[in-house]
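These values consider heavy atoms only, across backbone and side chains, with no hydrogens, waters or symmetry-generated copies. Residue numbers run from 1 in the order of the sequence given.
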Amino acid sequence: HAVVVDISNNVAAGITDGEFVDPWAEAPGVTPVYLSIRHPLDTASIPAEVVAGLREVAQRSRRQPRPGGDSWSTRAITPRIWMEQFDEDQAQGTTTAWTSLPPEIVRALQGMGYDGLRDRGGKMGGQGHEVAIAFAPGQVKSIWNRGTWDPESPSLVRQPEAEYGI
């Protein structure tokens, strides 16, 4: 799972604050969050050794695409298909491959020490903006969470019971 966050107005503060951005999101359902992304891969400047590692993952993959779902489905895209899109992006100077990451690619990036992405939104239309993509649910917490940051908990709002006197 990845979480996409608009950080356009928070670049100076680093990737620590943002707003969920989803193509079908409605404002009443948006939850302001804090992020813990300490080592993001910047999709505008990808080291050659990262590309080589991702290419190796794609070449080893035997997974077949699973039909169905929508264009954002990570199950419908294989590492090989993703790598083809990445190569096309490199040739055209775009970064659309990063909009939907197969789980194998996310695991490979995590294995290289990355815990998220710094990317550009608005690729399919609309105003361009910076986004942060967290690789794990425990990296995202609601701004109303008054408890400790627990990277093991996927809950956005879980707080220790002691704070409520329970």
Side-chain angles (χ1 to χ4, degrees), residues 1-59 61 65 69-143 149 151 154 156:
H1 294 93
V3 178
V4 180
V5 178
D6 181 346
I7 60 167
S8 301
N9 298 323
N10 302 304
V11 173
I15 303 178
T16 58
D17 197 357
E19 175 181 317
F20 182 76
V21 177
D22 180 280
W24 299 281
E26 296 181 15
V30 173
T31 302
V33 298
Y34 291 112
L35 295 178
S36 177
I37 301 177
R38 304 199 186 252
H39 191 228
L41 173 67
D42 186 344
T43 62
S45 179
I46 305 166
E49 63 271 13
V50 170
V51 175
L54 297 178
R55 192 170 306 285
E56 185 178 322
V57 168
Q59 289 171 345
S61 175
D70 57 32
S71 61
W72 302 98
S73 173
T74 61
R75 296 177 348 153
I77 186 169
T78 67
R80 287 176 184 238
I81 293 170
W82 183 86
M83 199 73 221
E84 289 171 8
Q85 179 62 54
F86 175 84
D87 289 337
E88 186 177 318
D89 280 347
Q90 294 295 294
Q92 296 180 4
T94 59
T95 60
T96 57
W98 299 102
T99 59
S100 185
L101 296 172
E104 298 92 337
I105 297 296
V106 171
R107 284 192 298 271
L109 290 168
Q110 288 172 319
M112 295 176 202
Y114 295 102
D115 62 351
L117 298 176
R118 182 179 210 135
D119 195 20
R120 294 284 301 161
K123 298 171 188 173
M124 309 295 184
Q127 186 175 6
H129 53 278
E130 287 194 80
V131 296
I133 303 168
F135 287 161
Q139 293 174 263
V140 184
K141 296 297 174 190
S142 164
I143 64 166
W149 187 287
L156 285 176

Novice: Could you tell me the separation between the CG atom of Leu109 and the CZ atom of Phe135, rounded to the nearest 0.5 Å?
Specialist: 4.5 Å
Novice: Got a second to check how far Met83's CE is from Ile77's CD1, nearest 0.5 Å?
Specialist: 11.5 Å
Novice: What's the shortest heavy-atom distance between Thr96 and Gln85, and which atoms?
Specialist: OG1-NE2, 2.8 Å
Novice: With no hydrogens and no angle check, is any side-chain donor or acceptor of Arg80 less than 3.5 Å from a backbone partner on Gln59?
Specialist: yes
Novice: Report the distance from atom CG of Leu41 to atom CD1 of Ile46, rounding to the nearest 0.5 Å.
Specialist: 5.5 Å
Novice: Are any of the side-chain heavy atoms of Arg55 and Asp87 separated by less than 4.5 Å?
Specialist: yes
Novice: Which heavy atom of Ala134 sits nearest a heavy atom of Val140, and at what distance?
Specialist: CB-CG2, 3.9 Å
Novice: Which heavy atom of Thr95 sits nearest a heavy atom of Thr43, and at what distance?
Specialist: CG2-O, 4.0 Å
Novice: Looking only at heavy atoms, what is the nearest atom pair of Arg118 and Pro40, with distance?
Specialist: N-CB, 4.1 Å
Novice: Which value, rounded to the nearest 0.5 Å, describes the distance between Tyr114 atom OH and Ile37 atom CD1?
Specialist: 14.0 Å
Novice: Can you tell me how far CD1 of Ile105 sits from CD of Gln110, rounded to the nearest 0.5 angstrom?
Specialist: 12.0 Å
Novice: Could you pull out the closest heavy-atom pair between Thr78 and Pro65, with the gap in Å?
Specialist: CG2-N, 3.3 Å
Novice: Please find the pair of heavy atoms, one from Ala58 and one from Pro79, that lie closest to each other, and give the distance.
Specialist: CB-O, 3.4 Å
Novice: Would you find a donor on one side and an acceptor on the other, under 3.5 Å apart, between the side chain of Gln139 and the backbone of Ser36?
Specialist: yes
Novice: Could you tell me which residues satisfy salt bridge (Lys or Arg N to Asp or Glu O under 4.0 Å) with Asp115, sequence neighbours excluded, listed by chain and number?
Specialist: none
Novice: Parallel, tilted or perpendicular: which describes the rings of Trp82 and Trp98, with under 30° parallel and over 60° perpendicular?
Specialist: perpendicular
